[in-house]
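From a predicted model like this one, the values you see are computed outputs, not experimental measurements.
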Amino acid sequence: MVVSTIPIYHGRIGTVEFSSFTRQVLGGRWFSLFASFLVMTSAGAFYLYSHFSKDIKETLQCDQTTLNKIGFYKDIGSNIDIFSVLLVEISPSWVLLVICSAVNFIGYFKIWQGVVGQIVQPSVEYFCFYIAMGGNSQILANSVVLVTCVRNFPERRGVILGLLKGFLGLGAAVLSQIYLAIYGHDTKSLILFIAWFPSLITLIFAFSIKEVKIVKHPHEFRVFIQFLCITLILAMFIIVLTIIQRIVQFDQSAHIIVMIAIMGLLILPLFIAIREEMVHWNLNKMTKFEKCQTSASIISYSSSTLQHSRNSDLSNIFNKPERGDDYTILQGFFSIDMLLICLTMSIGIGSSLTAMDNLGQIGESQGYSAESINAIVTIISIFNFLGRIFSGFVSEILLEQYKFPRPLMLTLTLLVSCIGYLLVAFPFNNSLYIASILIGFAFGSQVLLDITVISEIFGLKHYAIFYNIAQLSCPIGTYVLNVLVAGKLYDKEVKTWIDSSEYKCHGEQCYKDSFTILTGMSLLGAAISLILVKRTREFYRGDIYRKFREDMDSLREEVELYSLDVRQKEDESVHVHKEVTIFKK
């Protein structure tokens with residue numbers, strides 16, 4: 001594992017200094033990033049819908065179209081973020097996170113009450129309303145965490161978004177293991193777990209996730225590589241665990257041991273955060289560094305302020321700034337680039353969510369066992385995570401070294417998803433495992449690339465609002481493809497069976513037509529993304545993060561002086577020690 005090359009001060013820390021250092025750690029951007037990892041992991045409960053959707057279906061005794069309608073409301077809640085749009089510009093992040101915690105608990109707790117019979121004859125509308133409320137907590141956590149962290153680490157936004165979205169994608173697999181340790185295999189209790197556990201995590205760290213004054217770090221990418229190593233170890237651990245659980249039946253004590261191991265891996269980033277805050281704490285003792293930091297902050301924020309004031313006039317709606325500068329809300333809303341991004345997200349993410357929401361029924365119709373379906377859900381969660389991590393880090397490297405545009409990588413991921421859909425439409429033995437890998441990887445990559453491109457083209461001033469504008473397009477695609485296409489065609493196949501009272505379809509024909517349509521739609525999305533590639537080609541050929549790197553060279557000089565000074569002091573200390581030893585002899 002690569003370690004930071006900035007030296008750490010080796011002097012003794014007194015009680016007062018320790019207290020000061022503790023406050024800095026808890027109030028620093030690295031601890032804020034660690035807290036963000038945990039909140040995003042807990043928000044991954046959103047992707048566990050396919051685990052308990054059959055309980056809702058059995059409670060309502062409904063057909064697949066009705067169940068997909070409920071899933072559509074889940075997607076509406078997870079893509080329309082009313083709270084953050086109204087409050088993000090005027091309220092601190094902790095207010096939104098407290099709301100997020102409350103909304104999540106109420107939504108999923110009421111669903112649990114409906115499923116276990118505490119609510120007498122719950123209606124379809126009852127589940128639609130509360131699943132939308134529960135889903136809304138996910139997009140609310142996303143908005144707060146992503147915007148805060150991107151502003152704290154603006155020059156590495158592809159990497160930071162990849163890590164955050166990676167933890168979100170991995171969350172379902174992590175939470176499913178914790179739930180097994182607490183409740184066993186009772187899927188109705190899973191709903192109760194989703195109600196209280198993510199709400200508790202969000203509430204604990206609500207005051208830690210906040211914008212912190214940017215302190216330039218010359219080796220930030222190396223630190224992110226260390227975070228990446230930890231997340232990859234966690235992902236590999238869960239993959240191996242999933243394979244073992246298919247072969248060996250785990251008892252409750254084994255599940256508890258697994259939960260402890262997973263929690264240990266989740267806490268590891270905290271030690272990196274403490275180390276980096278120690279580096280910052282030492283550097284803060286340098287007068288020249290503090291001046292450099294203040295200068296950098298003034299330059300960064302003053303340029304944003306000037307840009308904002310220049311673009312605030314309504315007459316400039318169609319007189320847009322250069323890509324990468326801060327767009328006003330109306331300039332971004334009426335941008336052709338935004339239209340292309342929204343169309344791509346509606347088709348690409350809508351298709352992927354359709355596949356993921358129906359994964360349980362797909363496995364059931366193709367004859368997979370309950371254990372195999374659970375393994376497939378875990379696999380798609382793992383590769384959802386890997387897709388986000390891969391697209392974040394690899395796209396950052398390709399962009400920096402070869403000027404490879406992110407929209408072109410988006411096109412490639414849409415083509416990868418087409419292969420996954422075809423494997424569902426035309427299955428063979430165990431092909432659903434391969435399909436889940438491709439669909440999960442492509443979905444994770446799409447999500448990360450879309451939100452990163454938005455931040456790069458339209459700037460960070462109104463990033464939360466632009467992010468939510470783009471997210472609004474996802475429910476449209478999900479409704480058309482999931483409810484009107486997949487649901488209707490599934491029910492059509494159910495009616496061909498002699499005994500259709502179970503509302504179940506068996507055989508590969510159940511999803512053949514719908515996933516053939518998904519393949520065609522994804523090809524259309526790839527074609528639309530190519531238009532965006534052409535429009536932004538010149539922008540990605542330049543240095544899109546230039547204004548965030550203006551003072552990096554001067555900072556490196558300060559760090560080198562600091563390193564030299566520390567080494568000289570250490571050499572002097574060693575020399576004095578030798579002289580004292582000789583004198584004693």
Side-chain angles (χ1 to χ4, degrees), residues 41-60 62 64-80 103-112 114-115 122 124 126-142 168-176 179 183 185-195 197-199 349-364 370 373-382 384-385 436 439-440 443-444 447 474-475 477-479 481-483 486-487 490:
T41 302
S42 67
F46 168 80
Y47 297 111
L48 289 172
Y49 175 73
S50 60
H51 273 281
F52 62 82
S53 61
K54 63 179 182 296
D55 295 311
I56 297 176
K57 190 174 183 179
E58 290 172 1
T59 301
L60 293 174
C62 64
Q64 189 64 29
T65 300
T66 303
L67 185 64
N68 285 2
K69 178 183 176 181
I70 296 172
F72 165 68
Y73 276 86
K74 168 184 70 72
D75 295 331
I76 283 183
S78 66
N79 287 283
I80 300 177
V103 167
N104 181 82
F105 180 79
I106 294 171
Y108 284 105
F109 184 75
K110 297 299 289 184
I111 294 170
W112 175 76
V115 167
V124 174
Y126 174 92
F127 284 107
C128 287
F129 177 79
Y130 286 111
I131 199 72
M133 180 180 287
N136 193 247
S137 66
Q138 192 255 13
I139 184 64
L140 184 54
N142 264 257
L168 178 66
L170 196 60
V174 169
L175 294 178
S176 64
Y179 134 76
Y183 293 106
H185 292 274
D186 181 12
T187 53
K188 292 181 180 179
S189 296
L190 172 62
I191 305 173
L192 179 61
F193 173 74
I194 295 173
F197 187 80
S199 301
I349 295 179
S351 298
S352 297
L353 287 175
T354 298
M356 295 171 71
D357 286 349
N358 288 278
L359 199 60
Q361 282 76 28
I362 293 170
E364 191 176 62
I373 293 173
N374 287 336
I376 289 168
V377 171
T378 301
I379 288 171
I380 205 168
S381 175
I382 293 292
N384 180 5
F385 155 78
S436 65
I439 292 171
F443 174 66
V447 170
C474 296
T478 304
Y479 179 77
L481 298 172
N482 197 6
V483 179
Y490 181 92

**Message:** F109: which residues meet the ring-ring contact (aromatic ring centres under 6.0 Å, His included) condition with it, sequence neighbours left out?
**Reply:** F105, W112
**Request:** Give the minimum heavy-atom separation between P475 and F72, together with the two atoms involved.
**Result:** O-CE1, 3.1 Å
**Message:** Using every non-hydrogen atom in the two residues, find where I376 and S436 come nearest and quote the distance to one decimal.
**Reply:** CG2-CB, 3.8 Å
**Request:** Report the distance from atom CD1 of I349 to atom OG1 of T478, rounding to the nearest 0.5 Å.
**Result:** 8.5 Å
**Prompt:** Does the side chain of L192 reach to within under 4.5 Å of the side chain of Y183, using non-hydrogen atoms?
**Reply:** yes
**Item:** From OG (S78) to CG (L140), nearest 0.5 Å
**Value:** 12.0 Å
**Asked** Considering all heavy atoms of both residues, which atom of I70 and which atom of I131 are nearest to each other, and what is their separation?
**Response** O-CG2, 3.4 Å
**Request:** Rounded to the nearest 0.5 Å, what's the gap from CG on N142 to CZ on F46? Could you check?
**Result:** 9.5 Å
**Prompt:** What distance do I439 atom CD1 and L359 atom CG have between them, rounded to the nearest 0.5 Å?
**Reply:** 7.5 Å
**Prompt:** Does the side chain of I382 come within less than 4.5 Å of L170's, by heavy atoms?
**Reply:** yes
**Request:** Provide the closest heavy-atom pair for N104 versus I194 in the form atom of the first, atom of the second, distance.
**Result:** ND2-O, 3.0 Å
**Message:** Could you report the tightest heavy-atom contact between N136 and I139, atom names first, then the distance?
**Reply:** O-CG2, 3.1 Å
**Prompt:** Hey, what do you get for NZ (K74) to CD (Q138), rounding to the nearest 0.5 Å?
**Reply:** 8.5 Å
**Complete:** d(K54 NZ, K188 NZ) to nearest 0.5 Å is 10.5 Å
**Asked** Is it true that Y49 and F52 have ring centroids separated by less than 6.0 Å?
**Response** yes
**Prompt:** Any side-chain heavy-atom pair from K110 and P122 closer than 4.5 angstrom?
**Reply:** no
**Fill in**
For K57 and L67 the tightest heavy-atom approach is CD-CD2, 3.9 Å
**Message:** Can a donor-acceptor pair be found, under 3.5 Å and without considering hydrogens, that links the side chain of Y179 to the backbone of D186?
**Reply:** yes
**Request:** Keeping the roles fixed (side chain from N358, backbone from T354), state whether a donor-acceptor pair exists under 3.5 Å.
**Result:** yes
